**Student:** 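This is the structure I have questions about; it appears just below.
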Amino acid sequence: MKSALRSGTNLDMLPRIFMAFLKIGPSTFGGGYAMLATIEREIVERRGWMDKEEMGDMVSIAGSAPGGVAVNSAAFVGYRLGGAIGALTAVVGIALPTAAIVLLLSLTYSAFRDNAKVEAALKGVHAAVVALILLAGWKMVRSSLFDTVTYALCAAALGLLLFTPLHSIWLIAGGPAVGMIVVAIRRMNKLDLRTEPVRRSDEPETMLPEYYI
Amino acid sequence: MLGELFVLFFKVGCMAFGGGYAAMSLIQREATSRGWIDSAQFREIGSLAGMAPGSIAANSATLIGYDRAGTAGALIATAGITLPSLILVAALAAFFVRVHDHPSVRALFYGLRPVVTALILYAAFHFGFGGSAGSGSLFAWQTLGMLLICGGCLLAIVRYKFHPFAVILLAAVAGIVIF
């Protein structure tokens with residue numbers, strides 16, 4: 001059953017993949033996790049297109065690759081079900097509704113932007129979005145900073161961002177380089193090689209990856 | 001313009017480790033340094049992008065693309081920021097499903113995650129307050145109002161487990177009352 005679905009370019013699947021992700025798209029509000037729960041319900045439980053283990057692989061890959069968890073998950077599931085075309089179909093399916101919604105929202109705002117109340121409302125939304133970013137940042141602090149090196153790296157990166165015009169590409173390249181060097185040095189000295197925090201079982205929401213949409 | 005939009009957002013898409021929030025300050029920097037939008041416009045775009053479902057970075061790309069070149073621009077910018085994820089994830093799904101278990105990859109992410117954390121924290125600061133310090137247009141009470149709403153939102157989500165969308169709607173109402 002599963003191998004039949006995996007056989008690659010099964011064209012009959014494409015409309016079904018598209019519709020499934022079209023439906024999942026609008027639910028991606030509120031962070032990657034809201035969407036992962038929806039994907040699990042729609043793809044694993046309702047349609048039986050993937051099993052729990054593949055879902056775990058999907059979460060790891062979607063969180064590690066650049067880009068949002070939603071689009072990455074769609075690409076993973078789409079690829080598994082229908083090859084490269086399946087991946088494209090799923091991504092278009094998940095991206096279309098959100099692009100349409102944000103455009104509609106923006107056009108509506110433009111039509112009323114001269115209204116002082118609308119402008120004030122958007123300032124409130126701005127503050128709320130800042131709060132959502134802060135919350136994501138705080139969750140990342142708790143899940144990714146756990147030893148001296150990670151704290152120091154985060155502080156150094158934050159300092160460079162705040163006080164120098166350094167482009168963030170250097171941080172994105174430099175962080176992994178430091179990670180590799182530190183792990184190599186620790187291996188040579190036969191030190192503890194922990195690269196992820198110890199998970200506390202009473203806090204299921206702090207699982208890695210703590211990436212947001 | 002379409003080519004320029006595609007290339008810029010494709011590059012952003014390649015660097016968007018950690019998802020949309022981490023890429024926000026990169027988009028802000030690239031779009032404002034090209035003179036496409038100013039900080040105030042980016043605040044509007046980011047707020048609208050954060051209100052809609054989906055990735056805040058992809059939504060911002062859609063809006064900046066639309067602002068520069070209409071519907072075609074919106075599509076091109078969205079495609080540009082999404083394509084790197086699509087290509088990379090499809091490749092990973094095909095060949096390297098267990099790549100994240102490899103010790104070297106673990107070492108890479110050991111160093112990358114703290115940087116992503118810094119990028120997200122910086123995005124909150126930069127998107128929240130960037131560009132307002134030098135302009136003098138933002139009065140102290142506006143900043144205070146913003147901090148109040150921001151704090152209220154955090155409390156509502158953390159303490160009272162409000163859904164993010166409910167929080168955004170309440171913040172809009174609070175904005176009308178305060179500003």
Side-chain angles (χ1 to χ4, degrees), chain A residues 26 28-30 57 60-61 64-68 71-72 75-76 79 84 87 91 95 98-99 101-102 105-106 109 117 120-134 136-137 140-141 144-145 150 153-154 157-158 161 168-169 171-172 175-176 178-180 183 195 211-213, chain B residues 13-21 26 43 47-55 59 62-63 66 74 78 82 84-86 88-90 92-93 97 100 106-108 110-115 117-118 120-124 128 146 149-150 153-154 157 164-165 167-168 171-172 174-176 179:
Chain A
T28 57
F29 193 90
D57 289 341
S60 308
I61 287 185
S64 324
V71 165
N72 292 353
F76 185 91
Y79 187 85
V91 168
T98 54
I101 289 171
V102 76
L105 206 60
S106 165
Y109 173 71
K117 282 201 166 52
L122 196 72
K123 278 186 186 153
V125 172
H126 175 238
V129 173
V130 172
L132 291 179
I133 303 178
L134 270 177
M140 277 298 287
V141 165
S144 74
L145 308 187
T150 46
L153 253 178
C154 181
L158 204 54
L161 284 166
S168 49
I169 180 96
L171 298 174
I172 290 167
V178 173
M180 295 284 273
V183 168
T195 52
Y211 293 95
Y212 271 62
I213 51 169
Chain B
C14 292
M15 289 185 263
F17 287 97
Y21 292 142
L26 184 61
R43 242 196 305 270
S47 306
L48 293 165
M51 262 180 99
S55 157
N59 289 343
T62 307
L63 292 182
Y66 185 81
T78 313
T82 311
S85 313
L86 176 59
L88 200 67
V89 172
L92 287 171
V97 170
H100 51 267
R106 284 178 177 270
L108 286 177
Y110 173 67
L112 182 59
R113 266 187 234 107
V115 169
T117 306
I120 295 179
L121 291 175
Y122 177 66
M146 206 196 120
I149 296 178
C150 194
C153 290
L154 287 176
I157 297 173
F165 192 64
V167 170
I168 284 185
I176 294 175
F179 295 120

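Residue numbers begin at 1 in each chain, while the letters A, B, ... track the order of the sequences. Values in this document were obtained by computation on a predicted structure and should not be read as measured data.
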**Student:** Do you know which of A:G137, A:A75, A:A127 has the most heavy-atom pairs under 4.5 Å to chain B?
**Tutor:** A:A127

**Student:** Between chain A and each of B:G175, B:P114, B:A107, B:C150, count heavy-atom pairs under 4.5 Å; write down the option with the most.
**Tutor:** B:P114

**Student:** A:Y109: what forms a side-chain hydrogen bond (donor to acceptor under 3.5 Å, both in side chains) with it, not counting sequence neighbours?
**Tutor:** B:E44

**Student:** Quick one: list whatever passes side-chain hydrogen bond (donor to acceptor under 3.5 Å, both in side chains) with B:T82, sequence neighbours left out.
**Tutor:** none

**Student:** Taking atom CZ of A:F76 and atom CG of B:L92, what is their separation to the nearest 0.5 Å?
**Tutor:** 9.0 Å

**Student:** Could you have a look at B:A172, B:A123, B:G13 and say which one has the most heavy-atom pairs with chain A under 4.5 angstrom?
**Tutor:** B:A172

**Student:** Give, for atom CD1 of B:I120 and atom CG of A:L134, the distance between the pair rounded to the nearest 0.5 Å.
**Tutor:** 10.5 Å

**Student:** Rounded to the nearest 0.5 Å, how far does CG of A:L153 lie from CG of B:L112?
**Tutor:** 10.0 Å

**Student:** Might you point out which heavy atoms bring A:V130 and B:G128 nearest each other, and give the distance in Å?
**Tutor:** CG2-CA, 3.5 Å

**Student:** Output the option from B:C153, B:A171, B:A174, B:G50 having the highest count of non-hydrogen pairs under 4.5 Å with chain A.
**Tutor:** B:A171

**Student:** For each of A:L145, A:I172, A:I169, A:V71, tally heavy-atom pairs with chain B at distances under 4.5 Å, and name the one with the top tally.
**Tutor:** A:I172

**Student:** Once rounded to the nearest 0.5 Å, what's the spacing between atom CG of A:L122 and atom CG of B:L48?
**Tutor:** 5.0 Å

**Student:** Determine the minimum heavy-atom distance between A:N72 and B:S85, stating which atoms define it.
**Tutor:** OD1-CB, 2.9 Å

**Student:** Within the structure provided, determine whether A:V141 and B:L121 are in side-chain contact (heavy-atom separation under 4.5 Å).
**Tutor:** yes

**Student:** Of the non-hydrogen atoms in A:L161 and B:A118, which two are nearest, and what is the gap between them?
**Tutor:** CD1-O, 3.9 Å

**Student:** Name the member of A:A120, A:P66, A:G179, A:C154 that forms the most heavy-atom pairs with chain B at distances under 4.5 Å.
**Tutor:** A:P66

**Student:** What's the shortest heavy-atom distance between A:Y79 and B:A90, and which atoms?
**Tutor:** CD1-CB, 3.8 Å

**Student:** Ignoring hydrogens, what is the shortest heavy-atom contact between B:S47 and A:V129? Give both atom names and the distance.
**Tutor:** O-CG2, 4.0 Å

**Student:** B:T78, B:L63, B:L26: which one forms the most heavy-atom pairs within less than 4.5 Å of chain A?
**Tutor:** B:L63

**Student:** Between A:V183, A:L171, A:V178, A:L105, who has the most heavy-atom pairs with chain B when the cutoff is under 4.5 Å?
**Tutor:** A:L105

**Student:** Apply the side-chain contact (heavy atoms from CB on, under 4.5 Å) test between A:L132 and each candidate in B:V167, B:I168, B:L154; give the one that qualifies.
**Tutor:** B:I168

**Student:** Given heavy-atom pairs under 4.5 angstrom as the criterion, report whether the side chain, backbone, both or neither of B:I176 touches chain A.
**Tutor:** both

**Student:** Say you draw a straight line from OG of A:S106 to CE of B:M51; how long is it, rounded to the nearest 0.5 Å?
**Tutor:** 11.5 Å

**Student:** Just how far is it from atom CE of B:M146 to atom NZ of A:K123, taken to the nearest 0.5 Å?
**Tutor:** 11.0 Å

